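What follows is one structure encoded as structure tokens, with my remarks underneath.
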Amino acid sequence: MSALFSSKSANKNLLDQTVELLLDYYTNTKDVRVTPTLDKEVVRNTVRAFDFNEALDPSLAIRQVVAGLETFSVHTPHPKYFGLFNPRSHFPSILADLITAVFNPQLAAWSHAPFANEVESYLIQVFGEKFGFDPSSIDGVFAGGGAEANQTAVLCALNHLIPDYAANGLVGVQQRPVIYCSSESHHSIHKAAMTAGLGHSAVRSIPVTKMLEMDIVLLERQLETDLAAGLKPLMVVATGGTTGVGAVDDLVAVGKLGRKYGIWFHVDAAYGGAAVMHPKLKDYLKGTENADSITFDAHKWLSVTMGTSLFVCSHRDILSKTFRITAEYMPKEAKDMDITDPFTHSIQWSRRAIGIKLYLSLLMFGLKGYEEIIGHQTAMGELFREELRRSGWHIKNFSPFPVICFTDKDRERDKAFVPSIINAVLSSGKSWISSYPIHGEPVFRVCITNFATEAEHVYALVAELNAAREAYFENH
Ligand SMILES: *Cc1c(COP(=O)(O)O)cnc(C)c1O
């Protein structure tokens with residue numbers, strides 16, 4: 001067995017074959033159907049066509065996996081995938097994923113992977129400063145995704161407010177801790193409450209204003225009501241770019257209330273955090289500088305491969321308080337150095353080096369390159385809004401980011417309209433869009449989530465929407 005996959009020339013041959021297939025896909029993504037046919041039996045039979053008793057020829061094995069993914073995926077890297085925050089991965093991060101896989105650095109202990117560890121702490125520092133934190137107060141850790149970063153925030157808030165939470169959990173806590181976020185917040189906040197032992201009923205979904213931002217007046221009223229009822233407000237989560245409509249809560253006002261009530265102020269900027277890299281967009285995130293912690297996914301708007309998320313906080317001691325534990329079997333070479341072992345700072349223990357993907361991307365694009373990409377996507381969002389208006393569509397959200405929700409004014413009461421148009425668009429295989437309810441009414445949701453989306457793709461989508469609407473009007 002040890003001889004398998006150990007010859008340089010044989011491995012190079014396999015790598016070349018793989019790269020050839022991957023580059024074909026990567027270069028020609030625009031030519032595939034965005035949507036696969038969803039047939040559970042067919043995909044299941046394809047996957048289960050082999051029982052592993054005999055090893056497959058490596059070239060066939062590679063083709064089995066590549067063809068499987070190509071046939072049975074929604075092609076999120078397609079320029080007309082106007083979907084959730086699933087970007088086309090940009091090439092530097094793909095290279096970084098490959099490099100990382102080969103070295104497989106162990107990010108539990110600093111001394112096993114000093115370079116990879118220092119890359120991550122440097123990036124935490126860089127982004128902490130971009131979010132406006134005092135450089136001397138910044139700490140943080142990489143996470144697999146925004147959900148893990150938000151869970152980290154809830155655990156930090158608990159340890160901040162309840163001094164012996166790490167030792168005793170919620171035993172002996174008389175007043176129930178409560179979390180506040182808007183009704184448009186990501187549901188990973190609820191999940192974090194569930195897994196932290198608070199239960200999801202500890203989360204107050206504060207209604208949003210007409211602008212779809214958390215209603216500050218109702219937030220304060222709820223805080224007062226809960227205090228009067230003997231509950232313990234724990235944290236408030238403001239969203240910097242909501243998943244549904246791209247709304248940015250008033251971070252300054254929420255931060256002020258957080259301070260007034262002495263509770264943890266977390267900003268979930270999983271998507272919108274990228275705005276701090278663009279001079280014209282960064283002011284939309286004003287107020288992050290007052291946050292206790294921030295979630296930011298580089299695998300969303302920064303187009304780095306999944307799962308690349310940053311949890312950044314402005315308290316130097318809180319991650320240690322929350323996660324520190326000693327283990328005799330862990331390496332001790334660095335015990336006299338002023339370093340942090342990541343396993344004492346995070347939910348994960350053994351983990352992959354996450355930050356290298358973002359580091360290589362920044363090295364290869366530079367901040368200017370990212371500014372251009374973010375600016376381009378924002379401009380494509382503007383173009384899409386203009387084209388929609390010209391065709392008589394009505395825009396329903398107010399995001400500064402390229403997330404556009406819209407409908408046809410004459411069909412707002414017609415429950416069948418939105419699903420029927422979406423069905424027509426998806427079944428054509430030309431584009432992927434979705435729907436989202438605003439104040440209970442379904443509307444269309446389109447996001448320019450791909451850096452390779454150009455004006456021609458925007459025009460084409462509007463034409464597809466117009467044609468589907470026309471066909472619908474003829475039949476209804
Ligand atoms: C996507 C998203 C999350 C969850 O992040 P994952 O990376 O999917 O775990 C959390 N909050 C917001 C606002 C998001 O858009």
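Numbering of ligands and ligand atoms starts at 1, following listing order. No experiment lies behind these values; they were computed from the predicted model shown.
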Going by atom types only, do His266 and Thr295 share a side-chain donor-acceptor pair under 3.5 Å? yes
Taking atom types as modelled, find out whether Tyr359 and Glu120 have a side-chain donor-acceptor pair closer than 3.5 angstrom. no
Can you list the residues that meet the ring pair (Phe, Tyr, Trp, His ring centres under 6.0 Å) rule with His186, with sequence neighbours excluded? none
Does the plane of the ring in Trp301 sit parallel, tilted or perpendicular to the ring in Tyr271? Use 30° and 60° as the thresholds. parallel
Excluding sequence neighbours, so at least two apart, what forms side-chain hydrogen bond (donor to acceptor under 3.5 Å, both in side chains) with Glu289? none
Report the residues that fulfil side-chain hydrogen bond (donor to acceptor under 3.5 Å, both in side chains) with Thr195, sequence neighbours left out, ordered by chain and then residue number. Gln151
Enumerate the protein residues lying less than 4.0 Å from ligand 1, judged by heavy-atom distances, in chain and residue-number order. Phe85, Gly145, Gly146, Ala147, Asn150, His186, Ser188, Thr239, Gly241, Thr243, Asp268, Ala270, Asp297, His299, Lys300
